[in-house]
Amino acid sequence: MYFFDTGLVAYLTRYSTPEILRNGAINGAILENYVVAEILKSYQNDAQDCLLWYYRDKSGNEIDMVIESDGQLHPLEINRSVNPGSELAGAFSILDKGSVPCGTGAVLCMRPELSAMNAKNYIVPIWMI
């Protein structure tokens, strides 16, 4: 479940400053909610449907977001790190087992510039969404 008003979450948790929000116990969850809300708003503002899922299997493999677009699945992982490791995209290969082809994936993080993790996955700064 996503709580789309992250300002309201900060208020309800009594996170009164950006520093407390950045370092608080649920900072990762708040960041993830913010990213999901911004991506959905981008689609809606462009009058497009967004086919979006969360993936978790019984083995504990998890992908924060899977967007279906143009007949492909695009896995996204959301992380607070400035220098995310390639292990964050490790679960993306699970999607290769399905009937819908897996396209380009990305780790959305706090890195200041766009870069590539490998030939199939990008590192995307959250400010770019």
Side-chain angles (χ1 to χ4, degrees):
M1 178 187 323
Y2 293 105
F3 201 120
F4 288 109
D5 189 338
T6 53
L8 181 57
V9 171
Y11 174 78
L12 293 173
T13 56
R14 301 190 194 282
Y15 286 3
S16 57
T17 68
E19 293 76 25
I20 294 172
L21 181 60
R22 184 173 38 252
N23 298 313
I26 61 171
N27 60 7
I30 291 173
L31 180 65
E32 188 172 318
N33 279 268
Y34 169 78
V35 169
V36 170
E38 290 301 306
I39 289 173
L40 283 174
K41 283 192 280 186
S42 295
Y43 274 87
Q44 291 170 352
N45 289 337
D46 200 26
Q48 294 183 17
D49 288 329
C50 182
L51 302 174
L52 171 70
W53 293 276
Y54 166 81
Y55 177 87
R56 183 174 174 95
D57 63 20
K58 63 184 174 183
S59 299
N61 296 306
E62 178 183 342
I63 302 173
D64 290 336
M65 295 173 54
V66 179
I67 297 176
E68 184 176 350
S69 178
D70 297 327
Q72 293 185 326
L73 299 177
H74 300 279
L76 304 174
E77 186 67 29
I78 303 162
N79 191 275
R80 287 187 50 229
S81 175
V82 173
N83 294 307
S86 59
E87 72 279 355
L88 290 174
F92 293 0
S93 62
I94 291 168
L95 299 178
D96 293 331
K97 298 176 185 176
S99 60
V100 178
C102 187
T104 305
V107 174
L108 300 154
C109 65
M110 303 305 284
R111 182 173 283 187
E113 72 281 338
L114 178 66
S115 58
M117 181 170 284
N118 54 41
K120 199 172 176 179
N121 299 300
Y122 291 101
I123 297 174
V124 178
I126 289 173
W127 68 263
M128 290 183 82
I129 61 169

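Atom set for the values below is all heavy atoms of this structure, side chains included, hydrogens, waters and symmetry mates excluded. In this text, all values refer to a predicted model and were calculated from it rather than measured experimentally.
Contacts of Ser42 classified as side chain to side chain contact (heavy atoms under 4.5 Å, CB included), with partners at least two apart in sequence or in another chain: none. Every residue meeting the side chain to side chain contact (heavy atoms under 4.5 Å, CB included) condition with Val100, not counting sequence neighbours, appears here in chain and number order: Leu73. For Glu38, the salt bridge (charged side-chain N to carboxylate O under 4.0 Å, His left out) partners at least two apart in sequence or on another chain are Lys41. For the side chain to side chain contact (heavy atoms under 4.5 Å, CB included) test, residues two or more places apart in sequence or in another chain that qualify with Tyr43 are Ile39, Gln48, Cys50, Ile67.
When hydrophobic clusters are built by joining Ile, Leu, Val, Met, Phe, Trp and Tyr residues whose side-chain heavy atoms come closer than 4.5 Å, directly or via intermediates, Met117 is not grouped with Val82.
Between Glu113 and Pro125, the shortest heavy-atom distance links the atoms C-CG, 3.4 Å. Between Pro101 and Gly71 the shortest heavy-atom distance is CD-O, 3.4 Å. Pairing each heavy atom of Ile94 with each of Tyr55, the nearest pair is CG2-OH, 3.2 Å. Shown here for Met128 and Leu114, the closest heavy-atom pair between the two residues is SD-CB, 4.0 Å. When all heavy atoms of Ile63 and Tyr54 are compared, the closest pair comes out as O-CD1, 3.6 Å.
Distance check: Glu32 CD to Met65 CE gives 8.5 Å after rounding to the nearest 0.5 Å. To the nearest 0.5 Å, the span separating CG on Leu31 from CD1 on Ile126 amounts to 4.0 Å.
Applying the side chain to side chain donor-acceptor pair (under 3.5 Å) test to residues at least two apart or on different chains, the pairs with a partner in residues 117-129 are Asn118-Asn121. The side chain to side chain donor-acceptor pair (under 3.5 Å) pairs that include a residue from residues 78-106 are Asn83-Arg111, where partners are two or more places apart or lie in different chains.
Looking at Leu76 and Asp64, their side chains never come closer than 4.5 Å, going by heavy atoms from C-beta outward.
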